[in-house]
Structures are given as C-alpha cells and as structure tokens.
Amino acid sequence: MSSSFKSSGQVSYELRGDVAVMTVSNAPVNALSLAIRQDLVACIKQFEEDDVAKAAVIVGAGKVFIAGADIREFKRPATEPHLPDVIDGIEACSKPVIAAIHGVALGGGLEVALGCHFRVGVKGAKVGLPEVHLGIIPGAGGTQRLPRLAGYEKALEMIPSGVPIGADAAKAAGILDDVSDEADAVAAGLVFARSVIDNGTPLRRCSELVAPAVDAQVFADAKAAVAKRARGQKSPVVCVEAIEVASQTSFADGMAKEREMFMELKNSAQHRALAHAFFADRALGKLPEIEGIAPRALKSIGVIGGGTMGAGIATGALMNGLAVTLIERDDEALGRAKATIAKNVGGAVKKGKLSAEQEQRIFAEALSLSTDYASLSEVDLVVEAVFEDIDVKKQVFEKLDEVCKEGAVLATNTSYLDVNAIAAVTKRPQDVIGLHFFSPAHIMKLLEVVVADKTAPDVIVTGFQLGKIMRKVAVRAGVCDGFIGNRILATYRAAADAIVVDGSTPFEVDEVMLEFGFPMGPYAVADLAGLDIGWATRKRKAPTRDPRERYFTFADRMCEQGWFGQKTSKGYYVYEEGARKGTPNPAVLDILTEERKEKQINAQNLSKEQILDRYMAAMVNEAAKVVEEGIALRPLDVDMTLIYGYGFPRWRGGPMQYADEIGLEKILSNIKAYAQEDAYFWQPAKLLEELVASGRTFADLNAESGNNSAAKK
Ligand code: CAA
Ligand code: NAI
C-alpha cells in the first residue's frame, strides 16, 4: 500500500501516520460535483483496504469544508454515484471517519459530515442546510440524519429556515462532537482521530440513532407557521414534512421518501426560479465595463437633504461604519433630520442590529450636521436627496462642484430626473452618478446604480462599493425616466388602472397579486406611499401627455377629496386609527362607476387569471424594452430589481424568469390580443418579438452575456 494516493484529482488521499486525510478540492467552494462524488467513493474504498490507516479525516481545501451539491448540475439528469449513496458508503465504513469542518459545511456538505461517524469544527465554522432557499429540501439524508442526531425541534428550526448555526451552537445541539482550538481543520481532525483510535471509541452512525419522540402536534404547528411565512413557496413546508417522515418510518424508508420529495422539488419551477436568483445575485456586480477596476476611497460621505430619503441614507451609512456629513437648509430641518436618524438608529439597537456603544459613537463621532456646503470639502462621496425638482438639483450640483475635493463622487438619489442633465452643470460629469435608494433607505435592499453617459468606470465601481458597505443589492441601470424599477412599475400600474376602469375592482387586483406572492397589491402600496405623490406627477406630466394614451381620472378624483391613503386614513382602503391594514373603501367603486359611465365603458368581468395575465404581460413587455434599450444590461438585472425593490416573489425568480416559465410566445400573443383594444399601450417590445422569432428565452440572453455563472457549463 502506497502512503500517498491521488484519486482522479478532486479528492486527494494522503496518509499522516495511521490517519488517512481526504481533501476535497473543487475551488471556490468544494461543491460536490460528479468528480468529487466519484473520488469520495474511491477514497473510502482505498481507506477500507488500507491496512495502515486506522481512521480517516475528511477536510475541504481552501476557505470552506464543502458548500453542498453543485447547483449547476441540477439542470442535468442526475448521474451516479448519487450523493445519498456516497454518504451511505461513508457511514457504512468499518473504520472511523471524521469530518473536520472549517468555514462552512452547507447542504450536501453538512450531509457528508452527518454521514461521518464524528464531526469536529474549528472556531468560526458554520453548519447549515440552506436547500430551502433553492426551492428544494436536503436530498442526501439531511432530513433523516439531522433529527436523529440533534432532535426534531432543532431540525425543525434549522431545515425549513435554512439558517446556518455557528460551531458552538452546533456543539450544544450535538451536531459537532467538538469545537477545536487548533488553527486548521487538518490539525483538528488529526487530534480528534488520535483520540478515537487511542480510546477505541465505537463508531456512531446517525442512521442508527433514535431521536426522542415528539408529539405529532409539533409538526402540525411547525407546518402552519412555516406555510404562513412561506407565502406560496413550497419547499419550507416540504422540509417540515420530510422531518416528520423521520419520526414515522425506518431510516431506509425515510431516505426513499426524502429522495422522492427532493426529486419532485428539483424538477419544479420554484427551484428553477430560486437557483436563477442565486446565480443572478452573484452576477449583478460582474460588469465588463468595470472588470479589474478598483473603487475610489470611501470612508466618509455627505448627504444633502435630511428628509425621508436623506435621513434614511445617512442612517444606513452610519450603521455600516461610514462618517456622514448631512446638509440641510436650516437648523430646524437639521434638527428634524437628526431626530429621524436617532429614531432609526434607536430602532436598530432595540432589534439587536447595533450595540449601544455603536449608537453612542455614531452621535459622538460619525455624524456631523451642517447648513454650510463647505463642510463637504473633504468627503469622498456625496448623495444628494433634495426635492425632486431639476432646478433645485442643478443648483445643488453647481455648489458641490465648487466645494467638493477633486475625485469626490457626486451622486443623485433622483427617482426620475435626467442624471445626464444634472451632470452637465458640473465641470466633472465623469464623477457624477445616480445612486437610487428605496424607502426606507436604511432597510430596503435595492440600490440602483445609475450610470450616466460620462460616468467614469471607477465611479461606477465606487457606487457598487457603497452598496456593498451599506449591505445593499446594487444593480446597474441606465438613464431614462424611472430607470429600471420605477419605469416598469409605471407601466404595470397603468395596466392595473386600465383593468380597474374596464370593470374589475382595485381590491380584486390587489388580491390577485397577493395570491401571486407579492407582499402587498399595487393599490395597497399606493395607499402606503401616498396618493398625492402620483397626483403631483400626473399634473406635472399633463402638458406632455400623448393624446393616444388612455387617461384615467378615478385616482385624481380620490385625491380631490383629500384621500391620500394611509396618511389621511383613507384611500383605496379605509384605515382605523393607527392600523396599517385597511378595509376596502366602497366609495372608490362609486367613483369608478362614474368614470365608466362618462367614458361609456361596459364593465367586463375579468377572471383572476385574466387579471394576472394582463398585469404580468405589461410588466414583462416594459421590462423587455428596458433590456432592449440597454437600461438594464441583462434580464437578470431586471429580475433582481423587481425582487429586491418591488416585492416580486423571489421563488418566482423575477418577471423575466417568470416569462420564460410561462413561455414568451404566450406572453407575446397576449400582448397582441390586448393591442386590439389599446394599440398605443400594448406595443410589443422588439426584443420580445425577436426572442420569440428565434426561439430564444431571457435565460438565453443571460447566458449570452457570459456573466451568469448559472449558465456556465
Ligand atoms: N454549487 C455551485 N456553485 C456554487 C455553489 C454551489 N453549491 N455555492 C457557491 N457557488 C459558486 C457561486 O456561484 C460563485 O460562483 P462565481 O464566482 O462564478 O459567481 C462562487 O461559488 C463563490 O460563491 P460566493 O460568491 O457565494 O462566495 P461567498 O464566499 O460569498 O459564499 C458560500 C460562499 C457561503 C458557500 C455561498 O456560496 C453559499 O451559500 N453557497 C450555496 C450553499 C448552498 O445553498 N448549498 C446547498 C446546495 S444544494 C444541496 O446541497 C442539495 C443536497 O442536499 C444534495
Ligand atoms: P423630502 O421632501 O422628504 O426631503 C427633501 C429634503 O431636502 C427636505 O428636508 C428639504 O429641506 C431638503 N432640501 C431641499 N433643498 C435643499 C437644499 N438646497 N439643500 C439642502 N437641503 C435641501 O423628499 P424625499 O422623499 O426624501 O426625496 C428626496 C429625493 O429622493 C427626491 O429626489 C426623490 O425623488 C428621491 N426619492 C424618494 C423616494 C421616496 O420614497 N420618498 C424613493 C427614492 C428616491
């Protein structure tokens, strides 16, 4: 027997005295590819036959133990050896096998560890079964071994939530046998192996353990709670069901049932959507225009305007360690801004997101308030969040151009205005960019990084860097009215208004969208945002409105009565004092009846499916135009914008992924049918027509962009 054996490449086998060390090596996260599975089988066989080796240690090379199955392989038919069989082979081994974990052991990675007879972690290691986030359940024994090892309650806590736990918590739960002080996993594994060999510790196989029984009600309660949170996503509920199976049957039967459940979810639209979202998240910042370019320095920022957005942006920056200088028009406004920031920061402390010391440091050191623009002379980046008025914004940028240091990034938080026009008033348009935050800015995840014609690449990178520091999801957008998100929103809101005027009610539309998976329907959202905002915009745009556009008056009439939504306790819904959820306002239906009468519209009763089809067709069509014009670089950028900024259910993957699932041909033919009624609104996007003609999908476009790792083979 040679003391050093190398398998086909991805798992090495090396003897250290009488211990075999198997190192899983598949950068960057040691995903369990076919080659790894084959190698593990070969290494275990080698170990069984190796007379010198008394114990084996499995470790991961690089920064983690094993991050799970290779998600990219899920698109292809499963190939033997299947992971559950590989893990059964490890567990069946007649000599001790120890998993030595550093970094993370996730999904199939933890399942490999659960197949070992012992598990040791180094400090800082984390273990978890996050499959639920991919719309699947653990498919290699996780739902059957974990409850047997750590109990049903722990399994019900970890598997449906998918949240990993740290080494100490894992030891307390019995998942790890020890947390080692050794610096690396190999050393930790070797020490543990020595003690197992020397003490003759009997092998402990999870499949043979019996978890303390629990009342069946525990599963019923867990299912109800999980279903409520999941809002249409299947996998969390199936996770509970799979754990329940462990309490009802033998290990072998449980494994067979788990496999069945896993395979069904693996072939579902929800899994495809969530896997798409996983890779899209990682593709967002991969842009050819900034590849290899470093960000500018970013330690301190200025914020102009301390209203709704400015105070929120300042809060988010302060909570993430940046120094902030906030500028307002007068001391009174500064006082209001400071009070808002204090309330926001106080809220974060209460929720345990920030310590009292951090809170104290923010107000003692990190936040400066001023009415003097000269205080911005040393900041690295400024975000302007003053009124949405191009003249006011231009004045602000002229001042910034005078006072800011060379190389400072000058950003506007405008929702709709032309970033090129704002940049043009400065002598440094290359330093100007749009950074469009969403309200409440210290909480909402999305940040649109709006690239103007002359924005320099390192300014774009700095925009993404600010997003990273503030823990946002940054999406690159181009300049147009509303950028990616608000532009698409305006279109699907217009489609909703047409649906409503033509015969449905706002409450039906809201119900359909809630059932689809949005947290709120569009009319409930309008009440929350304030109906006066849209009213002001409509008045502003009235002179330039295209005469071919259908114009609806019901929302204006509501505003004329002083119904601005939640802030006036009345809008589409009526709100009891202090309540955030309202009941339908019946007077809205009278206003709609009036409008239909005036316009001689025969109310048509659309089914829920018809409402959904129109709403989604409008969203997808505008989204396709946004991609076609290069406002969004790829369909995936639209998907993530709608998911992180507009409540689109992640488990549907965003509008483009949804459209691919429905079929682009069907969407296009719907649009053409609707165009018979309103040819101006329902102009099909050229891109949609092209894709249908060439038999391609939005996913193909993502793949063609070369930056989406999901598409990599
Ligand atoms: N399969 C394939 N690729 C993966 C992967 C996986 N399981 N996990 C990560 N990657 C890829 C990422 O796509 C990324 O690729 P690109 O560089 O091409 O974009 C690269 O690995 C690095 O990933 P991150 O950027 O996420 O790196 P990070 O250091 O921020 O995070 C991590 C590392 C915590 C492991 C994170 O990648 C992660 O959470 N991965 C997914 C874990 C997971 O969901 N595991 C369950 C898989 S399903 C399963 O195991 C089913 C089963 O029961 C058999
Ligand atoms: P706001 O009215 O709440 O706050 C604006 C603040 O700017 C006020 O406190 C005002 O005193 C201050 N201000 C005005 N002129 C100033 C000047 N010259 N110098 C210093 N301060 C000045 O408005 P809000 O909602 O915060 O919006 C700000 C910007 O953010 C707008 O461009 C808006 O379109 C955009 N935005 C708003 C969102 C929202 O949901 N409210 C979401 C995303 C962007």
Side-chain angles (χ1 to χ4, degrees), residues 26-33 37 62-74 78 82-84 86-87 103-112 126 128-143 162 164 258 262 266 271 274-275 278-286 303-313 326-330 332-334 336-337 340 370-371 373 383-390 392-393 395-396 399 412-417 434-441 444 446 448 485-486 528-530 533 537 645 707-710 712:
N26 181 18
V29 296
N30 300 330
L32 293 158
S33 61
R37 301 198 302 276
K63 60 180 184 171
V64 303
F65 176 68
I66 297 169
D70 187 334
I71 304 165
R72 285 183 301 243
E73 282 187 2
F74 286 179
H82 302 306
L83 189 57
V86 175
I87 293 172
V104 294
L106 295 177
L110 178 55
E111 289 172 305
V112 165
K126 284 188 176 169
L129 293 169
E131 287 88 341
V132 67
H133 300 309
L134 295 166
I136 51 175
I137 63 168
T143 67
E258 181 197 77
F262 171 79
K266 194 179 93 133
H271 164 63
L274 286 163
F278 176 87
F279 288 111
D281 270 340
R282 285 155 181 80
L284 288 175
K286 291 182 187 152
V303 176
I304 324 257
T308 309
M309 292 309 289
I313 295 164
L326 188 137
I327 305 285
E328 256 292 354
R329 293 183 295 174
D330 51 43
E332 211 183 312
L334 276 180
R336 277 197 302 273
T340 313
S370 174
T371 51
Y373 276 68
V383 186
E384 163 280 309
V386 304
F387 303 131
E388 185 75 342
D389 177 315
I390 191 77
V392 178
K393 302 230 187 244
Q395 279 166 22
V396 169
K399 279 195 213 149
T412 172
N413 182 48
T414 180
S415 308
Y416 291 96
L417 300 173
L435 290 177
H436 184 217
F437 290 84
F438 288 71
S439 178
M444 286 291 287
L446 183 64
E448 282 180 308
N486 281 347
L528 180 67
I533 297 179
T537 311
N707 294 310
N708 183 10
S709 54
K712 287 183 197 160

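Read the numbers this way: they start at 1 and go in the same order the structure lists the ligands and their atoms. The structure displayed is predicted, hence computed values, not measured ones.
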Does ligand 2 have any atom that is closer than 4.0 Å to a heavy atom of Gln395? no
Please indicate whether any nitrogen or oxygen in Thr414 is less than 3.5 Å from any nitrogen or oxygen in ligand 2. no
Output the list of atoms in ligand 2 that are nearer than 4.0 Å to some heavy atom of Phe437, sorted by atom number. 42 (C), 43 (C), 44 (C)
Which atoms of ligand 1 are found less than 4.0 Å from any heavy atom of Gly139? 52 (C), 53 (O)
Ligand 2 atoms nearer than 4.0 angstrom to some heavy atom of Gly307 are 3 (O), 4 (O), 6 (C), 9 (O), 26 (O)
Under 3.5 Å between any N/O of His436 and any N/O of ligand 2: does that happen in this structure? no
Looking at ligand 2, is there an atom of it that comes within less than 4.0 Å of some heavy atom belonging to Tyr416? no
Among all the protein's non-hydrogen atoms, which is closest to atom 40 (O) of ligand 2, and how far away is it? Ser439 CB, 3.3 Å
Check for me whether Glu73 has a heavy atom closer than 4.0 Å to any atom of ligand 1. no
Below 4.0 angstrom from a heavy atom of Pro28, which ligand 1 atoms are there? Numbered from 1 as shown, please. 20 (C), 21 (O), 22 (C)
Phe387 neighbourhood, listing ligand 2 atoms whose heavy-atom distance to it stays under 4.0 Å: 2 (O), 5 (C), 8 (C), 10 (C), 14 (C)
What do you reckon, is NZ of Lys266 surrounded by more than 12 foreign heavy atoms closer than 6.0 Å? yes
Non-hydrogen atom of Val64 closer than 4.0 Å to ligand 1: no
Taking only non-hydrogen atoms of Pro130 and a 4.0 Å limit, the atoms of ligand 1 in range are 43 (C), 44 (O), 45 (N)
At a 4.0 Å threshold, what atoms of ligand 1 neighbour a non-hydrogen atom of Pro138? 53 (O)
With a heavy-atom distance limit of 4.0 Å, tell me whether Asp70 approaches ligand 1 through its side chain, its backbone, both, or neither. both
Leu134 contact mode with ligand 1 (heavy-atom cut-off under 4.0 Å): side chain
Is any NZ, NE, NH1 or NH2 atom of the basic residue among Glu388 and Lys393 found under 4.0 Å from an Asp or Glu carboxylate oxygen of the other? yes
Contact between Gly142 and ligand 1, counting heavy atoms under 4.0 Å? no
N/O separation below 3.5 Å, Gly310 to ligand 2: no
Under a 4.0 Å heavy-atom limit, does Val29 contact ligand 1 with its side chain, its backbone, both, or neither? side chain
Contact between Phe438 and ligand 2, counting heavy atoms under 4.0 Å? no
Does Phe278 have its ring centroid less than 6.0 Å away from the ring centroid of His133? no
Apply salt bridge (charged side-chain N to carboxylate O under 4.0 Å, His left out) to residues Glu73 and Arg37 and explain how you reach the verdict. CA-CA 12 Å; Glu73 282 187 2; Arg37 301 198 302 276; 3.1 Å; yes
Numbered atoms and elements of ligand 2 in range of Gly305, under 4.0 angstrom, heavy atoms: 7 (O), 12 (C), 21 (N)
Please state whether Lys399 comes within less than 4.0 angstrom of ligand 2, counting heavy atoms only. no
Where's the contact between Ala69 and ligand 1, heavy-atom distance under 4.0 Å: side chain, backbone, both or neither? both
Within the 4.0 Å heavy-atom shell around Lys286, which atoms of ligand 1 are there? 16 (P), 17 (O), 18 (O), 19 (O)
Quick check: Glu384 and ligand 2, any N/O pair under 3.5 Å apart? no
For Glu111, atoms of ligand 1 separated by under 4.0 Å from a heavy atom: 52 (C), 53 (O), 54 (C)
Select the closest option to atom 45 (N) of ligand 1 among Ala67, Ala31, Gly107, judged by heavy-atom distance. Ala67
Protein heavy atoms: any of them under 4.0 Å from atom 23 (O) of ligand 2? no
Going by heavy atoms, is His133 under 4.0 Å from ligand 1? no
Any idea which atoms of ligand 1 are less than 4.0 Å away from a heavy-atom of Phe278? 8 (N), 9 (C), 13 (O), 40 (N), 41 (C)
